[in-house]
Number of protein chains: 4
Amino acid sequence: MAEARSFQGKRARRAEEKAARRADILRVAERMFASEPYESITVARLAREAGIGKGTVYLYFPTKEALFLTLVGEKLQAWLQEVLRQLEAHEGPVEHAVVEVLTLSLAERPHLLALLSMVHSILERNVEVRMVLGFKMGLIEALGPVARWLDDAMPAFSEGDGMTFLLWAHSAMVGMFQAFAPGGNAALALQDPRVAVLARDPLVALQSALAAWLRGWKTTGAVVGEG
Amino acid sequence: MAEARSFQGKRARRAEEKAARRADILRVAERMFASEPYESITVARLAREAGIGKGTVYLYFPTKEALFLTLVGEKLQAWLQEVLRQLEAHEGPVEHAVVEVLTLSLAERPHLLALLSMVHSILERNVEVRMVLGFKMGLIEALGPVARWLDDAMPAFSEGDGMTFLLWAHSAMVGMFQAFAPGGNAALALQDPRVAVLARDPLVALQSALAAWLRGWKTTGAVVGEG
Amino acid sequence: MAEARSFQGKRARRAEEKAARRADILRVAERMFASEPYESITVARLAREAGIGKGTVYLYFPTKEALFLTLVGEKLQAWLQEVLRQLEAHEGPVEHAVVEVLTLSLAERPHLLALLSMVHSILERNVEVRMVLGFKMGLIEALGPVARWLDDAMPAFSEGDGMTFLLWAHSAMVGMFQAFAPGGNAALALQDPRVAVLARDPLVALQSALAAWLRGWKTTGAVVGEG
Amino acid sequence: MAEARSFQGKRARRAEEKAARRADILRVAERMFASEPYESITVARLAREAGIGKGTVYLYFPTKEALFLTLVGEKLQAWLQEVLRQLEAHEGPVEHAVVEVLTLSLAERPHLLALLSMVHSILERNVEVRMVLGFKMGLIEALGPVARWLDDAMPAFSEGDGMTFLLWAHSAMVGMFQAFAPGGNAALALQDPRVAVLARDPLVALQSALAAWLRGWKTTGAVVGEG
DNA sequence: TATGAATGAGTATTCATTCAT
DNA sequence: CATGAATGAATACTCATTCAT
């Protein structure tokens with residue numbers, strides 16, 4: 001029995017170590033992504049910076065894409081939990097709170113938008129359907145509580161409108177980030193005064209857009225996705 | 001095939017013939033993009049399907065990216081011109097017309113959204129700043145008349161709001177297309193009933209979102225340049 | 001008869017024009033080669049700078065290599081003619097004159113060495129045997145008089161030694177130029193003090209080497225090339 | 001073929017095994033270069049003939065040029081070591097020994113001259129300065145002992161003359177090889193009796209030229225760096 | 001003659017992933 | 001468990017030359 005416990009202990013310790021190493025890898029990936037584009041991050045360098053072997057990365061994640069998809073999922077869930085927490089503690093008009101909470105919490109996570117914008121390009125290639133599905137189900141799980149809170153708290157919202165609003169918001173976030181905070185040469189081009197009218201602050205634009213949506217909200221009816 | 005090879009062996013000596021061949025190449029590119037992702041399109045195959053030599057493609061476009069950027073620009077301008085035409089001929093409430101015209105004309109151009117969603121990934125890499133700038137200036141030129149029409153026709157719009165609305169709409173279009181009409185495995189995953197709540201019709205969503213924006217519109221002030 | 005003469009005149013004028021245009025092309029090629037490596041010179045740019053069409057270049061030279069081979073031949077012949085002229089007018093010891101004339105006249109033709117060093121790499125590829133042979137026969141024709149002059153004027157030389165010496169000199173010129181006046185990164189590397197011992201002035205080295213050969217000359221016997 | 005594939009499937013984990021595989025690659029490169037020009041050798045074929053994957057080549061050498069530069073360096077050092085060994089064991093007049101040793105040892109290494117003649121064309125393009133510098137420093141290290149031996153053993157040599165003589169010899173070797181043992185169509189042209197006077201045996205010419213230099217040697221003074 | 005539009009061969013290199021050790 | 005050596009697929013672009021006009 002002592003032996004068994006010891007074995008259990010070992011396994012537990014092992015499991016802890018594994019989780020820690022997995023977290024390590026994700027942390028390194030996050031740090032790297034903060035300063036360089038996805039394509040320029042090689043698994044070899046990621047492993048080296050994490051102090052492990054290349055092959056070891058593949059003991060924890062089946063592919064490079066899966067690794068970053070996991071990262072996005074975690075950051076997204078953490079953000080949504082924080083959003084829910086802040087919403088539940090809000091004061092003043094709910095519409096105002098919703099807009100504020102969403103945009104301000106996003107401002108504190110500068111890389112989240114870049115990660116989110118990457119999801120579709122990543123999801124669409126090199127990841128198995130099963131994993132995409134897993135990600136999306138995790139997303140629903142994270143969105144759910146916020147959506148339900150919105151359904152309840154927003155006077156103009158009928159059931160399901162919370163989720164619709166969140167999906168719209170997500171689309172706007174991604175679209176505006178790509179348009180107003182592009183990378184590479186597009187960023188340089190945006191600095192030219194001749195195209196100044198196209199240069200907007202992504203978070204300001206998002207804020208205005210979300211507020212307008214809420215002001216003009218009209219329930220969309222029981223929306224159930226097309227098959 | 002015979003049609004595609006219509007130019008083979010001939011030499012485009014007059015500006016007219018050269019423009020025709022250029023248009024030919026763009027047409028082939030458009031056709032190919034309609035059925036496969038950008039990355040899988042090789043210049044060699046594009047040339048073969050156009051019935052010309054690889055090198056000939058490079059007589060008309062400096063790079064593969066420039067070719068597709070030109071394609072997007074042309075389709076975008078054509079769409080915006082059509083939008084303006086329909087807006088000027090609209091009947092009934094202007095808000096309703098704006099939403100209808102934008103979404104219905106988009107529905108008639110099934111590949112435009114895919115092209116638009118590609119722009120940022122293309123612009124951000126492999127294209128010279130000068131060319132990005134050229135594209136963006138062309139975009140402004142095409143957006144301008146529509147934006148001004150909106151400024152005038154929309155009671156709730158102050159000067160500049162037309163352009164802001166169009167930029168928001170563009171962002172929403174791109175973001176919603178990526179979220180609701182993804183490619184590859186993401187499309188397959190979206191068909192699973194467990195994530196049905198994430199599966200929306202992109203054009204319906206866009207329509208509702210644009211309408212909500214207009215209903216809730218509150219002038220954003222004279223927004224110029226980056227905030 | 002008048003008509004025939006007129007025709008002859010036309011032909012003659014045409015012939016003159018052709019020669020002039022051919023010379024034009026060579027002059028432009030020479031100017032370009034003076035400031036950039038052979039590989040970076042494109043026929044298209046050469047034609048443009050000469051104010052003619054690409055195809056026109058090929059009316060005067062069968063290949064790019066042939067064009068430059070012709071250029072080398074002309075410069076080489078001009079140089080050897082000048083060398084002979086100066087040798088015939090020399091004063092003082094003949095050995096000294098030979099070395100001086102060869103190196104000083106070379107110093108006045110800064111690009112000749114680069115052209116000469118190119119010959120073998122060019123000859124070995126893309127030029128028909130017949131043309132290589134023509135070049136070499138022209139070379140013999142130009143070397144001949146100088147070689148014979150050397151045979152006569154140099155006390156230590158037997159018949160044939162003049163040509164042998166010239167061939168040795170040519171080899172040394174090419175070898176030393178490649179070693180001591182390289183292009184690209186090799187030139188940069190040579191500037192490093194750690195390899196200073198390898199950095200020599202090519203003309204000084206050539207001068208010393210030629211002088212040493214003459215001082216130590218011993219007739220090599222009737223050398224007739226291996227078949 | 002079986003021999004070439006001796007490593008296939010194995011993994012070189014120890015430094016010893018890695019050195020062996022590296023040597024293997026160099027050996028294959030040497031064999032290929034013996035029968036075809038550098039440009040026609042593709043890394044893909046090199047790898048196939050070595051029984052390894054394309055990528056594996058790049059595990060051992062950063063570029064194709066670096067691979068061949070390494071090859072030249074190794075052969076050159078081996079040759080110079082052999083030269084020094086034979087010089088130290090020479091009998092009879094030192095001048096005679098120097099000429100004999102240099103030319104005869106070269107005759108036993110038929111591909112060395114081709115390799116050496118390639119160096120400048122390779123060094124001048126596609127290789128980083130650092131690597132050129134490394135090559136040149138290795139060259140100095142290999143030349144040094146021979147140069148010093150010459151300084152001591154040759155009565156006519158002052159300090160530094162040994163190195164000067166070796167550099168001259170190197171230039172003559174390269175120049176004469178290119179002139180008298182060309183490749184491609186130039187070789188064919190040289191067989192024509194009309195240019196027989198240009199056809200010399202490169203090693204015989206080198207031998208005579210070196211002997212003449214030594215006979216006529218006059219110290220050049222302490223030559224250091226560029227003149 | 002002159003033109004320039006058309007052609008198409010040709011290749012080094014990276015990097016995610018596997019699997020022998 | 002961990003490692004890192006080995007793998008190999010995959011592709012835009014240039015430019016000398018030709019030949020229809």
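Throughout, a chain's letter reflects where its sequence line sits, starting with A, and its residues are numbered from 1.
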Minimum-distance nucleotide to [X] side chain [options: [options]]:
{"X": "A:Val43", "options": "E:dT17, E:dT3, F:dC13", "result": "E:dT17"}
{"X": "C:Lys54", "options": "F:dT11, E:dG4, E:dT17", "result": "E:dG4"}
{"X": "A:Lys64", "options": "F:dA16, E:dA6, E:dA16", "result": "E:dA16"}
{"X": "B:Ile52", "options": "E:dT7, F:dA5, E:dA16", "result": "E:dT7"}
{"X": "C:Leu59", "options": "E:dT17, F:dA16, E:dT3", "result": "E:dT3"}

N or O in side chain of D:Arg48 less than 4.0 angstrom from F:dG8 OP1/OP2: no
Is it true that atom [atom1] of [X] has more than 12 heavy atoms of other residues, nucleotides or ligands lying nearer than 6.0 Å?
{"X": "D:Arg45", "atom1": "CZ", "result": "yes"}
{"X": "C:Glu36", "atom1": "CD", "result": "yes"}
{"X": "A:Glu128", "atom1": "CD", "result": "no"}

Atom CG of B:Leu46 to atom P of F:dC13: distance rounded to whole Å?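 About 12 Å, once rounded to whole Å.
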Just to be sure I understand the rule, does B:Phe61 reach a base, reach only the sugar-phosphate, or reach nothing, if contact means heavy atoms closer than 4.0 Å?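 No contact.
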Under-3.5 Å donor-acceptor pair between B:Lys18 side chain and E:dG4 base: no
Which sits closer to the 5' end of DNA chain E, D:Ile41 or A:Ala44, going by the nucleotide each is nearest to?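 The residue mapped nearer the 5' terminus is D:Ile41.
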Can you tell whether the side chains of B:Asp24 and B:Arg27 come within less than 4.0 Å, N to carboxylate O? yes
